Amino acid sequence: MDTPVSGNTAFIQVILPLRLEWEPYYALPEGFAAHPGDRVHVTFAHKGYIGVVSAVDVEPQAARERILPIGGIAEGLPTVRKEEIQLWRAVAAYYLCTVGEVYKAAYPARRVDEEAVEARVRERLLVRMAKLEEKLAKARKDETRNRYRAALDALRSGKGPDPGPGQEIHLTLPQETAVREIRQAFAAGKTALLHGVTGSGKTEIYLSLAKETLAAGRNVLYLVPEIALSRQLEDRISTVFPGLQVFHSAETVARRQQVAARVRQDGPCLILGTRSALFLPHHDLGLIIVDEEHDTSYKQDSPAPRYNGRDTAIMLGVIQGAPVLLGSATPSLESLYNAENGRFVKVDLKQRFHESADPGILLVDTIAEQRKRGMVGNLSRKLLAEIERTLEAGGQVLVLRGRRAYAPTVQCTGCGTIQKCPRCNVPLSLHRNPDRLVCHYCGHSEAYTGLCSQCGSPLQPLGAGTQKIEEELQALFPQARLSRLDSDTPETQEADIIRSFAEGNIDILVGTQIVTKGFDFKGLTLVAVIQADSLVGLQDFRADERALQLLEQFRGRAGRRGRPGLLVIQTRAPEHPVYVRLSGQPDGRLLQERRLFGYPPYTRIVQLVLRDESPDRIESMGHGLVHDLSAALPDGPTIIGPYPPAVDRVSGRHIRHIRIMLPRDKSLLGRKQTLATTVSIFEKNRHYTGHITIDVDPV
Ligand code: ADP
Ligand code: ZN
Ligand code: ZN
């Protein structure tokens, strides 16, 4: 539209889905009305975008004749709520990114084959209905039949969420007490941290509070760290809330829009989702649940905003006036710290629902076993005996190995060369069926010839990943039904494998960290970790905490139904403090250590990451940036770096980290801003834009 801008034209400001530190002005042509939150077509630097009006009737701080008119109102696109923009601004300010980057994450561009999506949605609905019909046919009790019938009707009518009639929840006495304490915390305007051992029934507590909230006519947002988790929960929740609306970040854009449309409607609904569900057009939110709050998958790595879902949930809670409930069996030190200083109220739930003791722990020293001929390949005879006993008793086994693939490394038997990724310089992993060498950082993959790329001698696989462990177990237990779950598993099969294990159709499941998450498996009594040291060996101050959480979580998978469970840990270092602590030391020590060394939560870390093809330039830029930062941030923060991380080259680009530890006091906000400005000026002066990312609270 090339309407000339006349004297009495109105001007607006627009948020663009870009990394742009300001919100450009546009002119409203005669006859157009715009309101904050409207979506508009605009041109910026010769490209077209759909932006969001952030302010109207503004006095432009720019030469009027250079201001472009908008191209028009984006028809059919819903208006963005004031609270949504408020959240974007809060996230941008905290995570030192631009509002536009948050907008882009919240409203990903629509480029999907809509028909295919529609078909998929329909198909899922049909499957769900078929399942319900099956259940209905089997159900005996009238009450149950009515419930299924109502659920079916809700699905058929397409009305979706409907707070009832669902299965009743009967809380145990300790659960009731916990709910009361949580309500008290909410009444006092505080976030509640539910610290409940695995199997204590945290989910029941979430569902009971959710039910209350929905009955009061308000919406509930239920966050989980990962999609795989949400799928099992979906089944469980749908018995309590027929017609539940489920949303998560992996869903297509069209599906997301469908959910967003539902959220926009009136009438209470429950959204189960991963962190991106925080950016739905929420309103009338009465409760936000963050399950497994300690989980590092809540943190978004890339692209910006590099936000933590848990912390953003608290921002959303403030904006929406909704209470927030965090839950975990192993709360993060950050949350424990917040409970200690009174920002959160901690509620403890120490009793398991199916009364059973904590699973026992058997530490197997693989070096000692090796000497005694106690190892068969990568498995100890001690573990094999436990597996055998478990299978004989009709139980199930879950085996954790922190590395996927067949072998994490392959070495030449002639010249000793380790086969490495040409772009990342990290060892390539061997995958079988089909045989390939794969880089786990950039995805580079090449056919496996079995011969050295340098001298042509035969190659030897070193170490064992999940594929190899699966193979060894299958050879030792030929009758057992085995399966594997790691990121090589196609996403479409993930849910099937989990369901199949839950239904007892798999005897032994081998997998990576994904199997430690909050799944509830009835028949599972034995869990085992192979080469546990790969979990604790990381060079990071959080590594021990994370390993402890992971192992505690994993241990909680076993023996949830009254039968005694067992966790077997195969390790080369049985005296490592993590294993010692696993046997029951309080968390206090970890916090003390953090305080002593000035780590978070006692400080805040901002991490700058530089990426560059040129090794010389990254060196000089890194040092130059540290110099500028030291000058801009006098007498305060510790600046560490630039230093190369453990993997210092990915996809042909070198990497350097700079860590700034900021004291957690009144100066924090100002210092973070100064830091961001310094980086931005540095980028401009040195023409280095696009090489530096800022990560606040890295995990
Ligand atoms: P958590 O999430 O704390 O690890 P869950 O919520 O998964 O524990 O509960 C563990 C098991 O106990 C589940 O099978 C759950 O169905 C059962 N359970 C817990 N509380 C109740 C309750 N009040 N009524 C019926 N079953 C319960
Ligand atoms: Zn060689
Ligand atoms: Zn690579």
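In this chain, numbering begins with 1 at the start of the sequence shown. Remember, it's a predicted structure, so these values are computed and weren't measured experimentally. Each ligand, and each atom within it, is numbered from 1 in the order the structure gives.
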A.B. asks: Could you verify whether a donor N or O on one side chain and an acceptor N or O on the other, from Asp616 and Ser614, lie under 3.5 Å apart?
C.D. replies: no

A.B. asks: As an exercise, identify every atom of ligand 1 less than 4.0 angstrom from a heavy atom of Thr198.
C.D. replies: 4 (O)

A.B. asks: Do Arg310 and Tyr298 form a cation-pi contact, if we require the NZ or CZ to be under 6.0 Å from the six-membered ring centre and within 45 degrees of the ring's axis?
C.D. replies: no

A.B. asks: Round to 10° and report the angle made at the Zn ion (ligand 3) by SG of Cys424 and SG of Cys439.
C.D. replies: 110°

A.B. asks: What do we get for Arg352 next to ligand 1 when only non-hydrogen atoms under 4.0 Å count, side chain, backbone, both or neither?
C.D. replies: neither

A.B. asks: Nearest non-hydrogen atom to atom 5 (P) of ligand 1 belongs to which of Gly327, Gly201, Ser208?
C.D. replies: Gly201

A.B. asks: Could Lys211 and Glu204 be called an ion pair, given the rule that one side-chain N must be under 4.0 Å from one carboxylate O?
C.D. replies: no

A.B. asks: Do His691 side-chain atoms and Arg611 backbone N/O form a donor-acceptor pair below 3.5 Å?
C.D. replies: yes

A.B. asks: Examine His444 and say whether one of its N/O/S atoms is closer to the Zn ion (ligand 3) than 2.8 Å.
C.D. replies: no

A.B. asks: Which angle, to 10 degrees, forms at the Zn ion (ligand 2) with SG of Cys415 on one side and SG of Cys412 on the other?
C.D. replies: 110°

A.B. asks: Report yes if some heavy atom in the side chain of Leu209 is under 4.5 Å from a heavy atom in the side chain of Glu212; otherwise report no.
C.D. replies: yes

A.B. asks: Given Thr203, Ile169, Leu171, Val197, identify the one with the heavy atom nearest to atom 6 (O) of ligand 1.
C.D. replies: Thr203

A.B. asks: Below 4.0 Å from ligand 1: does a non-hydrogen atom of Arg236 turn up there or not?
C.D. replies: yes

A.B. asks: Check whether the ring centres of His195 and His294 lie less than 6.0 Å apart, and answer yes or no.
C.D. replies: no

A.B. asks: Under 4.0 Å from any heavy atom of Lys202, which atoms of ligand 1 are there?
C.D. replies: 1 (P), 2 (O), 3 (O), 4 (O), 6 (O), 8 (O)

A.B. asks: Just do the side chain to side chain donor-acceptor pair (under 3.5 Å) check on Ser297 and Glu226 with the steps written out, would you?
C.D. replies: CA-CA 7 Å; Ser297 340; Glu226 272 170 278; 3.3 Å; yes

A.B. asks: Can you name the atoms of ligand 1, numbered from 1 with element, that are less than 4.0 Å from a heavy atom of His170?
C.D. replies: 22 (C), 23 (N), 24 (N)

A.B. asks: If the Zn ion (ligand 2) is the vertex, what is the angle to SG of Cys455 and SG of Cys452, rounded to 10 degrees?
C.D. replies: 120°

A.B. asks: If you measure from the Lys or Arg side-chain nitrogens to the Asp or Glu carboxylate oxygens, is any gap between Lys346 and Asp348 under 4.0 Å?
C.D. replies: yes

A.B. asks: Charged N to carboxylate O under 4.0 angstrom, Glu619 versus Arg656?
C.D. replies: yes

A.B. asks: Between ligand 1 and Gly196, can you find any atom pair, the residue atom being a heavy atom, that is separated by under 4.0 Å?
C.D. replies: no

A.B. asks: Going by the atom numbers of ligand 1, which of them fall below 4.0 Å from some non-hydrogen atom of Gly199?
C.D. replies: 1 (P), 3 (O), 4 (O), 8 (O), 10 (C)

